[in-house]
Chemist: 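Handing you a structure now.
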Amino acid sequence: MELSKTYNPTEEEAKIYELWEKSGYFNPDNLPDAQGRRPYAITMPPPNVTGVLHVGHALFLTIQDILIRFERMRGKRALWVPGTDSAAIATQAKVENELYKKENKTRRDFSREEFVALVNDYALKHQHIILEQVKKMGASCDWSRLAYTLDEPRNLAVATAFKNMFEDGLIYRGNRLVNWDPKLQTNVSDEEIEWKDETTSFYYLKYGPFIIGTARPETKFGDKYVVMHPDDKRYSQFKHGDQIDVEWINGKITSTVIKDESVDMEFGTGVMTITPAHDATDYDIAKRHNLDIEQIIDLKGLLLPIAGEFEGQHIKKARPLIIEKLQAKGLVEKIDDKYQHRLATNSRGGGIIEPQIREQWFVDVNKKFKIKTGEITGISQGEEIAIVQILRHVVESGQINIIPEYHKKIYFNQWVDNLKDWCISRQIVFGHRIPVWYKNGETYCGVTAPEGEGWEQDPDTLDTWFSSGLWTFSTLGWPEKTKDLVDFHPTDVLETGYDILFFWVVRMILMSTYHLGQVPFKTVYLHGLVRDKDRQKMSKSKGNIIDPLGVIDTYGTDALRFALVFSTSAGTDIPLAEDKIKGMKHFANKLWNISRFILMNVEKTDWRYEAKTKADKDILEKLDSAIKKITNNLEEFRFHEAAQEIYQFTWTEFADVYVETSKPQMQNEALKENTQKILIHVLINILKLLHPFMPFVTETIWQHLRKQGLVGKDDLIMISKWNG
RNA sequence: GGUCGUAUAGCUCAGUUGGUUAGAGCGCACCGUUCACAUCGGUGAGGCCUCUGGUUCGAGUCCAGAUACGACCACCA
């Protein structure tokens, strides 16, 4: 068959993916001699079900697919488990927005069950879209093992995990100050908060003999403690515990002097009043000195009766009115209108965070428990140990390796050393419901509802990261001790962006070491963020988004994949410009034309060749050296170096030098056949080396070689043998 | 405030353990092409590897300091 002059990726890619899927080899159990192969596993970070493929997905899919294809060709039983994430808060928020816009309804117009069903429908409808896009990237994952964070097996895993931790006393319920989102009526984790810069007014108010500063006068009604640093000489005449009568917003109150070292003497006047129920620092001070804690603002952001005449007003509207009143009473010293500060908002829905004290569920990271199995080196079975100690141990001892190396420091300094109890409850309805039931003051925790009448299930759901933390083993069938679990866990590599090292990686280590007594993975490879050519973050508002789907249509998946790994090392951000992708399309085309030339000039051949000329010797030596370098680079996760090596070798050494030399050599009858054999030998090896990076074009060419009888027994390059 | 990172060609970036003439993509200049490929070929210009000091026979690479950027975490009433 005559090959076209240019390689046309869009024509070939869909066909090739179908060919792979039909072969069944994405499922490692179907690989030739499957049980004789060593298992190798990667769990895919599940993309958001409601999401659309972006360059971040494109990058991680490329890197993981490179690893999986490489190891599959090296004879491993390579399993890549795909999945999707319910992304609870984000998904529920989207559905709520849509309901409000289209039908002017809120979630309270539905029963809990109806609403959850609506959200689930929405999620599953979108799942199809993102999965098709994952396939477009060429991902060779095992679709027969597809997992969804809210499907039955995962529900069982989550409930079991909760129950085990509950029974060990690692999960407890308590009142804590949480990040409350009045808009979505839920608690938000620290990590989900997005800080926004804001210029606002800062008020200096007369509070008895003091001037206090505040940006939030609407919280000040109940302030009956005035706090200053014990070393602050300006206020040395006041003693801790002194009582002072103060004329305040709604009349006279008695205020108590508190001396606390957390007060910054440099800031404002060095004196502040506290609102423990609505501020984290104030809450800590109140706890330290055992002070009264009084709620001022309700869960909807409305003022409570303590506000007197302002009761029932929304905080935002009340603020100017309160200032007006304070001014009328002569209590406003001055107002600074250019006060810069940062406002906490919910990144998953945009509400402004209002700290509130709520009863929540927590995982205790410092409480010791007996570890169940002894598979972690250095920790014996039955040893009493706390989560935070395990987290430190497994990375310190090298049982989990983090690439790039310097991220280990971040892991310790910023996370493990500062780990606080993890608040796992959320007040949304879409997600895994807390498996706890109550009846007349009795509490029951179990995988299923307790027998008997009158039990009421806890209304809260679990933080998304609770189920995500189980991901490496819940996707393999845990809590059943399945063959998959035995064969594939611990998994080999966890590949993700450094931006969620702490969200996710830490929780996975926590869950896996606790529930299985195993590390979840041996290596964590952290890639950088994809940025535009000016190193700017890609965002819709900047208009600098590169849409991977559009790129695929124009340049092909292979070009995108190669461009993404071509000049980047672990952990550093990746500037991606369209020019680069275009260049990689040229490379795919170059390879196509090299193949075309060889197909035109080479007949069926056997495999024996020898180095007859200097050019023969050079190219064969350089091929050997390239194979060694590329194999080593892939083993060490240096994808960019492997990519650059194969690019150089193919274009410079092979196309520009040897293919040119081969032309006169093939005119010489004494050299002709041997040269043909070398051409085909080198081409086959290039295709194999390049396959993990550019799977489509290499498979397409492979199929043409097959038709001419130029490759041996392997149907697909995907399962051909790596020569390294 | 705490932690970490980066600085190499016009632009964007590679450069594994210190070891010949420091590389790539894009861009640029000139020449060429009915030949597998113009999505091409050939030739070429362009680098005190941020600065200062140190270790070493030898430093882009290791150490200390300076300068400039960047990221993350915490968060100030």
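So you know, we letter chains A, B, ... as the sequences are listed, proteins then strands, and number each from 1. Source: prediction; values computed, not measured.
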Chemist: For atom C1', what is the distance between B/rA64 and B/rA71, given to the nearest Å?
Modeler: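 Between the two C1' atoms, the distance is 24 Å.
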Chemist: Remember a base hit wins even if backbone is also touched, and classify A/Val227 as base, sugar-phosphate or nothing at under 4.0 Å, heavy atoms.
Modeler: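 Contact class for A/Val227: none.
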Chemist: Using nucleotides 60-65 of chain B, report all nitrogen or oxygen pairs with the protein that are shorter than 3.5 Å.
Modeler:
none

Chemist: Using a 4.0 Å heavy-atom cut-off, does A/Asp264 contact any base of the nucleic acid, only the sugar-phosphate backbone, or nothing at all?
Modeler: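 It contacts base atoms.
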Chemist: Is A/Lys580 near enough to B/rC11 that one of its side-chain N or O atoms lies under 4.0 angstrom from OP1 or OP2?
Modeler: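 No, because none of the side-chain N or O atoms of A/Lys580 sits under 4.0 Å from OP1 or OP2 of B/rC11.
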Chemist: A/Thr273 and A/Lys220: side-chain donor and acceptor closer than 3.5 Å?
Modeler: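 Checked: A/Thr273/A/Lys220 side chains pair up, N/O donor to acceptor below 3.5 Å.
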Chemist: For a quick check of understanding: with a heavy-atom distance under 4.0 Å over all strands, which category does A/Tyr647 fall into, base, sugar-phosphate or nothing?
Modeler: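 The answer is sugar-phosphate, as A/Tyr647 gets under 4.0 Å only of primed atoms, P, OP1 or OP2.
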Chemist: Could you go over nucleotides 40-44 of chain B and give all protein N or O partners under 3.5 Å, atom names and distances?
Modeler:
| unit_1 | atom_1 | unit_2 | atom_2 | d |
| --- | --- | --- | --- | --- |
| B/rC40 | OP1 | A/His586 | ND1 | 3.3 |
| B/rC40 | O3' | A/Lys590 | NZ | 3.3 |
| B/rG41 | OP1 | A/Lys590 | NZ | 3.3 |
| B/rG41 | OP1 | A/Trp651 | NE1 | 2.3 |

Chemist: Taking atom C1' in both B/rC72 and B/rA66, compute the distance separating them and give it to the nearest angstrom.
Modeler: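 To the nearest whole Å, 24 Å.
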Chemist: Say we look at B/rC31 and B/rU12: how far apart would their P atoms be, to the nearest angstrom?
Modeler: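 Comparing P positions in B/rC31 and B/rU12 gives a spacing of 30 Å.
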Chemist: So A/Asn418, base contact, sugar-phosphate only, or nothing? Heavy-atom distance under 4.0 Å.
Modeler: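 It contacts nothing in the nucleic acid.
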Chemist: Considering only atom P, compute the distance from B/rA22 to B/rA29 and round it to an integer number of Å.
Modeler: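 To the nearest whole Å, 26 Å.
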Chemist: Describe the nucleic acid contact of A/Tyr406 in one word from base, sugar-phosphate, nothing, applying a heavy-atom distance below 4.0 Å.
Modeler: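 Sugar-phosphate: the residue A/Tyr406, judged by heavy atoms under 4.0 Å, touches backbone atoms but no base.
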Chemist: Between B/rG15, B/rA36, B/rA24, which one does the side chain of A/Phe597 approach most closely?
Modeler: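 Side chain of A/Phe597 sits closest to B/rA36.
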Chemist: Considering only NZ, NE, NH1 and NH2 on the basic side and carboxylate oxygens on the acidic side, decide whether A/Asp417 and A/Arg392 come within less than 4.0 Å.
Modeler: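 Salt bridge between A/Asp417 and A/Arg392, a charged N being under 4.0 Å from a carboxylate O: yes.
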Chemist: Determine whether any donor atom in the side chain of A/Lys663 lies under 3.5 Å from an acceptor atom in the base of B/rA36, or the reverse, and answer yes or no.
Modeler: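 Checked by distance alone, the answer is yes.
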Chemist: Kindly indicate, with the supporting measurements, whether the criterion salt bridge (Lys or Arg N to Asp or Glu O under 4.0 Å) is fulfilled by A/Arg216 and A/Glu354.
Modeler: CA-CA 11 Å; A/Arg216 305 205 53 197; A/Glu354 185 59 57; 2.9 Å; yes
Chemist: Assign A/Thr214 to base, sugar-phosphate, or nothing according to its heavy-atom contacts below 4.0 angstrom with the strands shown.
Modeler: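 Counting heavy atoms under 4.0 Å across all strands, the contact made by A/Thr214 is with sugar-phosphate only.
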Chemist: Using a cut-off of under 3.5 Å, enumerate the N/O to N/O pairs linking the protein to nucleotides 16-23 of chain B.
Modeler:
| unit_1 | atom_1 | unit_2 | atom_2 | d |
| --- | --- | --- | --- | --- |
| B/rU16 | O2 | A/Arg638 | NH2 | 2.8 |

Chemist: Within 45° of the axis and under 6.0 Å from the centre of the six-membered ring of A/Phe597, does NZ or CZ of A/Lys663 qualify?
Modeler: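 Yes, A/Lys663 lies over the aromatic ring of A/Phe597.
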